[in-house]
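Only one structure is covered here, and it is reproduced in the block below.
Please read these numbers as outputs of a predicted model, since none were measured by experiment. We use all heavy atoms of the structure for the numbers below, so side chains are in, but hydrogens, waters and symmetry mates are not.
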Amino acid sequence: MSKTALEAKRKIVEEIKSKFNDCKSMIFINYNGINVEQDTKFRKDFREKDVEYKIYKNRLIKIALDELGIKDYDPTFLEGSTSVAFGKDEVSAASVLFNTKKTVKNLEAKFGIINGEVVDSAKVEALSKIPTKEVLIAQLLCMLNAPVSHLARTLDAIAKKGN
């Protein structure tokens, strides 16, 4: 192998490690069998959720994970077609994957790394069902606002009744 090719591979391993350090979730996906149209939509959905989606060689992923000290995964998961979704939060990448999986049956979560912990595909799917941070905040604000709104309506009704 030439020195240039080795340097290029080393650069990719460093890129994977850097992305790992910058994200809260990594979802490893088997994308085998999807067509170009489906892949284009899949990538667009990831971009809209601020999730980076890349395809890497399995060997380079394995080297990066080994260098990061992550060894709790089944090595057979890094066989075949593998892409990686890097999420800035814990649920966005999983959510996009499982929403797309409803129409594109060939997609499959191999495993994930959430906040440094290796999780199986079942846990990745469970994460996909959790609302995003923004939705949870909105729900919390509605719950906090409900008693105050109810009190205001009650006082308004009493005031109107007194007139």
Side-chain angles (χ1 to χ4, degrees), residues 4-143:
T4 311
L6 191 58
E7 287 174 9
K9 289 181 180 184
R10 186 84 213 127
K11 192 174 182 180
I12 292 171
V13 168
E14 290 303 319
E15 175 184 317
I16 295 168
K17 288 168 48 179
S18 172
K19 289 181 187 310
F20 173 81
N21 290 326
D22 293 340
C23 72
K24 291 192 177 186
S25 66
M26 289 174 73
I27 308 298
F28 298 85
I29 303 165
N30 178 358
Y31 64 92
N32 193 27
I34 68 172
N35 62 38
V36 174
E37 180 183 336
Q38 292 167 331
D39 185 59
T40 302
K41 183 178 179 332
F42 192 40
R43 289 174 184 271
K44 178 181 175 277
D45 292 344
F46 274 131
R47 276 191 305 275
E48 287 174 356
K49 294 288 187 177
D50 201 21
V51 174
E52 190 169 351
Y53 178 73
K54 300 276 272 187
I55 296 173
Y56 294 109
K57 292 187 177 193
N58 288 325
R59 180 78 183 127
L60 300 179
I61 294 171
K62 183 180 180 338
I63 291 169
L65 293 177
D66 285 348
E67 289 182 8
L68 289 165
I70 298 170
K71 301 180 188 297
D72 301 353
Y73 62 93
D74 182 348
T76 62
F77 288 148
L78 291 179
E79 293 175 359
S81 304
T82 305
S83 58
V84 186
F86 300 93
K88 293 187 176 168
D89 63 32
E90 291 82 358
V91 298
S92 294
S95 176
V96 171
L97 170 63
F98 283 93
N99 282 339
T100 304
K101 190 172 168 50
K102 292 174 187 173
T103 56
V104 182
K105 302 296 182 201
N106 294 341
L107 289 173
E108 173 188 358
K110 293 182 172 190
F111 71 102
I113 302 174
I114 312 299
N115 292 324
E117 180 185 344
V118 176
V119 296
D120 63 9
S121 62
K123 287 186 181 175
V124 173
E125 184 172 7
L127 275 173
S128 74
K129 296 174 182 167
I130 297 173
T132 63
K133 181 179 178 181
E134 292 78 19
V135 171
L136 290 173
I137 289 171
Q139 290 173 343
L140 176 64
L141 291 175
C142 285
M143 286 184 352

Does any N or O in the side chain of [X] come within less than 3.5 Å of the main-chain N or O of [Y], such that one atom is a donor and the other an acceptor?
| X | Y | answer |
| --- | --- | --- |
| Asn58 | Gly80 | yes |
| Ser92 | Asp89 | no |
| Lys24 | Asn115 | no |
| Lys49 | Gly87 | no |
| Ser18 | Glu14 | no |

Specify the closest pair of heavy atoms between [X] and [Y], including all atoms of both residues, with the distance to one decimal.
| X | Y | result |
| --- | --- | --- |
| Ile29 | Phe46 | CD1-CZ, 4.1 Å |
| Val124 | Ala109 | CG1-CB, 4.2 Å |
| Ser128 | Ala94 | CB-O, 3.3 Å |
| Gln38 | Gly33 | OE1-O, 4.4 Å |
| Asn32 | Asn106 | O-CB, 3.5 Å |

For a 4.5 angstrom cut-off between non-hydrogen side-chain atoms, does [X] reach [Y]?
| X | Y | answer |
| --- | --- | --- |
| Thr100 | Asp45 | yes |
| Phe42 | Leu107 | yes |
| Thr82 | Tyr56 | no |
| Met26 | Phe20 | yes |
| Tyr31 | Asp39 | no |

Pairs under 3.5 angstrom only: tabulate donor-acceptor contacts from the side chains of residues 62-72 to other protein residues two or more places apart or in another chain.
from  : atom 1 : to    : atom 2 : distance (Å)
Lys62 : NZ     : Asp66 : OD2    : 2.9
Glu67 : OE1    : Arg10 : NH2    : 2.7
Glu67 : OE1    : Lys17 : NZ     : 2.8
Glu67 : OE2    : Arg10 : NH1    : 3.0
Glu67 : OE2    : Arg10 : NH2    : 3.0

From [X] atom [atom1] to [Y] atom [atom2], the distance as rounded to the nearest 0.5 Å:
| X | Y | atom1 | atom2 | answer |
| --- | --- | --- | --- | --- |
| Asn99 | Lys129 | CG | NZ | 11.0 Å |
| Asp50 | Glu52 | CG | CD | 9.5 Å |
| Thr40 | Ile34 | OG1 | CD1 | 8.5 Å |
| Thr76 | Lys110 | OG1 | NZ | 8.5 Å |
| Glu125 | Ser95 | CD | OG | 11.5 Å |

(request) May I ask you to decide whether Lys41 forms a salt bridge with Glu37, counting only side-chain N to carboxylate O separations under 4.0 Å? (result)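 A salt bridge is absent here (no side-chain N lies under 4.0 Å from a carboxylate O).
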(request) May I ask you to decide whether Lys54 forms a salt bridge with Glu15, counting only side-chain N to carboxylate O separations under 4.0 Å? (result)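 Looking at Lys54 and Glu15, the cut-off is met.
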(request) Tell me, please, which residues at least two apart from Phe28 pass ring-ring contact (aromatic ring centres under 6.0 Å, His included). (result)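 With neighbours one apart ignored, the set is Phe111.
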(request) Return the set of residues passing salt bridge (Lys or Arg N to Asp or Glu O under 4.0 Å) with Asp74 (not counting sequence neighbours), or none when no residue passes. (result)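 Partners of Asp74 by the salt bridge (Lys or Arg N to Asp or Glu O under 4.0 Å) criterion come out as none, since no residue qualifies.
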(message) Walk me through whether Tyr73 and Leu78 qualify under side-chain contact (heavy atoms from CB on, under 4.5 Å).
(response) CA-CA 9 Å; Tyr73 62 93; Leu78 291 179; 3.6 Å; yes
(request) Carefully, step by step, assess Tyr53 and Ser83 under the rule side chain to side chain donor-acceptor pair (under 3.5 Å). (result) CA-CA 7 Å; Tyr53 178 73; Ser83 58; 2.9 Å; yes
(request) Mind running side-chain contact (heavy atoms from CB on, under 4.5 Å) on Val51 and Ile27 for me, showing each step along the way? (result) CA-CA 10 Å; Val51 174; Ile27 308 298; over 6 Å; no
(message) Looking only at the side chains, is there a donor atom on one of Ser81 and Asn30 sitting less than 3.5 Å from an acceptor on the other?
(response)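 No donor-acceptor contact under 3.5 Å links the two side chains.
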